[in-house]
Amino acid sequence: MNDTETVAMPVETPGLVDFPREKLTKKAITADHPTWCPGCGDFAVLASYYKVLEKRQVDHEKIVTLAGIGCSSRFPYFVNGYGAHFIHGRGVPLASGVSLSRPDLKVFLFGGDGDGFSIGGNHLDHGARKNINLTYVIMDNFVYGLTKKQTSPTSPIGFKSKTDPQGAVDQPVIAMKKLVASGATFIARTHAAQVNHMIQMIERAMDHQGFSVIECLSECVEFYPGAFDPANPRKGGSFELIQEKKWDGTAEDEMRHDVTDELAAYKLAMLPFPGVFGVFYQSDRPTKNALEKRWVDQSREKIGQASDLDILQKTFDRMK
Amino acid sequence: MGDPVNPDVTAVQRAELPNGERAATQTPERADLRPESIQDAVIRLAGNSQDGIQTAGAFLARLAGRSDQEVMTYMTIPATISGGPSIFQVRIGSGEVLSPGDEADFLVAFYQHSYQDHVSFLKEGGVLLYDSDNVEPNLEDKRYVYVGVPVTGLTVEALGGTAKDKGKNIFVLGLIAKIFHLDVEKLVALIKEKFGGKDESIVNTAIMAFTAGYAYPVGNLLSKLYQFEKIEKSGGRAQITMDGNQALAYGLIAAGVRFGAGYPITPWSSVMEILRRELPKYGGTFVQAEDELASVSIALGFSLAGYLPVTGSAGPGISLKTEAIGWASMAEMPLIVVNVQRGGPSTGLPTNVEQSDLYQAIFGGHGDSPRVVLAAKTVEDCFYIAIEAGRIARKYSTPVFILSDGSLATRIEAFDEPNLAELMQEAKPDLTPRETHKPYALERTTHHLAPGTRIRDGKYPLLSGLEHDEMGHPTGSPKMHMAMTAKRRNKLRELAKELPLPDVYGHDEGDVLLVGWGSTYGPIHDAVKQLRSRGEKVSAIHLRHLHPLPDGLENIFARFKSIVVIEMNDQGVYGFGQLATVLRARFCEPKIQSLTKTDGLTFRVKEILNGLGQAHSPNGSKSNGASVTPEPSSPTRAAASVSAERDHAMDNTPNQPGTEAILASSGTNESRDTEKER
Ligand SMILES: Cc1ncc(C[n+]2csc(CCOP(=O)(O)OP(=O)(O)O)c2C)c(N)n1
Ligand code: SF4
Ligand SMILES: [Mg+2]
């Protein structure tokens, strides 16, 4: 790289011939040491992400890690890979732009409950309904961590925060209800204290074609300690897994959950806290990526081998 | 066209003749029918938008383009979705056409209201061509020449009873073709192109209507017919006829833009509609997002992915994008942001023109967030400015604003076909592997690598909205923030150095220098032309690069005694329009004065001339640079205080996009009409 170039003569880093690919290790994808509070649930989410990337040997240069703003959204700084730390609540559209224009990339988005359900709530709905191909992990801690303990859209009624010293009064967003209603085509729920489950869910989300979203309960030890103990067996709670249908014709299978059944997913979402964990819903509705590509292909079919210049010239010829 | 019709000859009034029959009275001398050669004509079609007057006008404009004539149009957008009173004005010239014209030589009135609303806009001695089935003009008013043709009846006759009101526009086009000796063959070809592909009968009907209009013995009613002077073809390139938003959209494609995102708003929408339709042909796409926050964010996603993206809106939507544009400054992302301005603030005058978003473009953001601001001056320039924006966005890895406005957006002009082969830019990201990469190196301009680019040393970059070090890692170091702030700002200084100085129109020294930006180009240059022909030492420059300003402007300023900045925005608390304020801050030059207006209409040449009379007094009494609002140019039209007085009496200017919209929203049905605001 020519670092002595002046401002007026910007020069790209000189190109190289290709070089051999090394195995993707945890070390290779680890960047800065996380700045989270010791004990924060987000560490485990990061560890699971590393695990998945390593296990699946994703091409290093194709990993794109994006986030909005929040403690959880600091995530990309701790991953050595292409990525961006964007603005509060707009991660979904940012990720959508990357995904739609670059089908060769693996697009991951991380963020908090405030980022995803409050300031970015509308984007979540639209990214989901458009079924943009990406994986989005919402690290839900039921509180605003980065700004130091204000009520979040998922804070339960009665939660005492700096903005609700008498206890929260507003009906919280029930994450899974919102996600099922949003039109996302892969919806799962997991818990940062259950690393194996988390890895499973991230892998399945990543393998899904379409908008895959995971609510991951991730404790803020600083401002909402113990919030998810009821779902943590080590803390006396119960981590109840969704039993998915195996389609084996057995009697038990009747009782199991059909992930393609939206109503059933909604019923699971209605269960009182701490609820259940696993895949709530999955369907294979076409992605916007595929639909846009179809349009491009159809247009190109009509145009044939014409270059961009030919196409524009033809348009101008019509305007003479 | 100075004296278009011999005023002594009063044409036959209400000559309701069946098609092909001869007018009974006052047949002018045959010798008079020899076409009179003219250089320039302003034709205003006034009717209802559902009658297709835009279509007829656009044919005239495109014909002019194909005939190597200069042409400029201007139209109003009706207030209601279903249509309503509307005008389409075409100015065709064999010489230079700079503005759509203050007054019409030729007015076509389809309805009584069209006549009433627009007749005072007709030049003395001008021709009123009216549909005698619908219009009863005041024939006592001897200032005009009256040509009544039963357009409605004859169109029905020509096309059969089912035609109703359809086809009148094309019938009138036939009439106009006859009166101006237009090239029938070319017009018919245009009609076929326009209606071809649809149902065969539509083309046939249109041709029938045209032929009937053309065959009508209008020569019996007019003492003269006209012919545009032949001109030599300029530079051998064909002419392209399109409106400003089309030019902008195709300019973006030439600039290499393949991806974009937006949200509909007048007058920006048609840019995104064109891109949505066109980009798939080029392998790209345009996303209609849920709002403007999303659209700029999606565009930044495209940028991150290695493409040069566009987002755009009008003022209100740009407000919503500003946080993300701040991120683009900080993270140093190439991005084009189009603002097709309208009257503001808030919903403001949605279908009118204003240049009041300059501050927003330059300063609209939190923190020190440098960005580049360009403004297109003509329809043609909408094309080239997009390419310039793309060049700068890539070279300096920065957000670049393009300011257009409602009048450029909808105006049709003919211009020399661009040399696309030379202009087309590469669109694909470069994914060649690299040895190493430092995204925010202090020593050189940032150029991001697109994901998918392998980096041998294994250190991948992060784009950061937090202040960062050279690798993109967050830092709170005061030293680093100072260095990075300077790096981002210095890009604009470098750009200022390389920017060309604007050409001086007129002499490069003199008494008064007019400074304009954006769509005021035509009227300002027309004004200079007129003043110079009277021997005044007035010149003009037009700025396309508004931020940063090109280095060396001060040398031009130094050669004039006073400088008047002309713009369509408010004079503000301190008496200066937005560009005037920026220039005064930049050059500390007390001789910079300001001429502004806020009636939502483009400048008329007259308003500039009158305004200058006040702004520039030879004894220098105004040299403190106070802003002047133009004098009312006619008793019925007080430009400075239009809002309270808008009524039909004032609805007579050539440059009134959206007058009807104002009328509608100033009445009792305000809430209903604002709902319909687009
Ligand atoms: C536009 C904007 N508004 C407000 C903020 C301040 N802010 C930063 S993070 C945050 C909330 C964070 O909560 P959450 O998204 O739940 O993330 P967490 O920190 O809990 O992981 C807020 C309000 C901001 N950065 N930008
Ligand atoms: S404040 Fe809470 S969410 Fe933020 S890092 Fe600390 S523990 Fe985690
Ligand atoms: Mg939170």
Side-chain angles (χ1 to χ4, degrees), chain A residues 1-8 10-19 28 31-32 60-62 64 69 76-77 80-87 90 92-102 104-105 122-123 125-126 292 295-296 299-300 303 308-309 311-313 315-316 318-320, chain B residues 66 238-242 250 253-254 259 261 280-283 285 287 289-290 293-294 297-302 304-305 307 323-324 327 331 395 417 420-421 424 432-438 441 443-445 447 451-454 456 458-466 473-474 490-491 494:
Chain A
M1 181 169 72
N2 187 351
D3 268 353
T4 57
E5 280 300 327
T6 64
V7 179
V11 154
E12 300 288 350
T13 325
L16 262 186
V17 278
D18 224 340
F19 48 91
D32 304 1
H60 197 169
E61 72 281 6
K62 293 193 176 138
V64 179
I69 298 292
Y77 288 118
N80 175 28
Y82 286 103
H85 183 231
F86 194 45
I87 58 175
R90 319 292 167 209
V92 169
L94 180 81
S96 303
V98 180
S99 167
L100 286 171
S101 58
R102 292 291 302 278
D104 55 321
L105 303 175
N122 194 40
H123 304 313
D125 287 345
H126 287 272
E292 295 292 331
W295 188 10
V296 168
S299 312
R300 297 297 313 187
I303 292 161
D308 287 2
L309 171 62
I311 304 167
L312 190 58
Q313 185 61 56
T315 304
F316 273 59
R318 278 201 306 274
M319 302 190 129
K320 281 179 189 164
Chain B
R66 286 195 182 177
Q239 297 260 299
I240 301 290
T241 312
M242 56 172 74
Y250 293 117
I253 291 174
F259 292 92
K281 298 180 192 168
Y282 301 84
T285 193
V287 178
E290 57 272 26
L293 308 141
S297 304
I298 293 169
L300 285 167
F302 294 142
L304 190 161
Y307 291 97
E323 188 198 1
W327 185 83
K395 181 167 176 187
E417 180 186 12
L420 295 180
M424 284 291 276
T432 329
R434 310 296 153 118
E435 189 69 48
T436 179
H437 179 64
K438 211 198 264 181
E443 309 83 354
R444 59 174 178 86
T445 308
H447 282 105
T453 310
R454 300 185 63 201
R456 197 202 300 244
K459 293 205 181 80
Y460 285 90
L462 193 87
L463 306 175
S464 175
L466 278 167
H473 300 292
N490 282 339
K491 294 196 286 193
E494 289 301 324

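Naming: A, B, ... by sequence-line order, numbering from 1 per chain. A quick note: this is a predicted structure, and the numbers were derived from the prediction, not measured.
- Proximity to chain B is absent for every atom of A:S99, based on heavy atoms less than 4.5 angstrom apart.
- The closest donor-acceptor contact from the side chain of A:N80 to the backbone of B:Y460 lies under 3.5 Å.
- Both the backbone and the side chain of B:A294 come within contact range of chain A, with heavy atoms under 4.5 Å apart.
- Of the two parts of B:I240, the backbone and the side chain both hold a non-hydrogen atom closer than 4.5 Å to a non-hydrogen atom of chain A.
- Of the listed residues (B:H473, B:M242, B:R454, B:E323), the one with the most heavy-atom contacts under 4.5 Å to chain A is B:R454.
- The closest donor-acceptor contact from the side chain of A:Y82 to the backbone of B:T453 lies under 3.5 Å.
- Residue B:A299 does not touch chain A at all, counting heavy-atom pairs closer than 4.5 Å.
- Both the backbone and the side chain of A:L309 come within less than 4.5 Å of a heavy atom in chain B.
- Heavy-atom distances place both the backbone and the side chain of A:R90 under 4.5 Å from chain B.
- Between the B:Y282 side chain and the A:L312 main chain, a donor and an acceptor come within less than 3.5 Å of each other.
- The side-chain heavy atoms of A:P76 and A:F86, taken from C-beta on, include no pair separated by under 4.5 Å.
- Among the candidates A:H85, A:H126, A:K320, the residue making the largest number of heavy-atom pairs closer than 4.5 Å to chain B is A:K320.
- Within the 4.5 angstrom heavy-atom criterion, atoms from both the backbone and the side chain of A:Q313 approach chain B.
- Only the side chain of B:F259 comes within contact range of chain A, with at least one heavy atom under 4.5 Å from a heavy atom of that chain.
- Panel note: side chain B:R456, backbone A:F19; no donor-acceptor pair is recorded below 3.5 Å.
- With a 4.5 Å cut-off on non-hydrogen atoms, B:Y307 touches chain A through its side chain but not through its backbone.
- Contact of A:I303 with chain B is made through the side chain alone, with heavy-atom distances under 4.5 Å.
- In this structure, chain B has heavy atoms under 4.5 Å from both the backbone and the side chain of A:S101.
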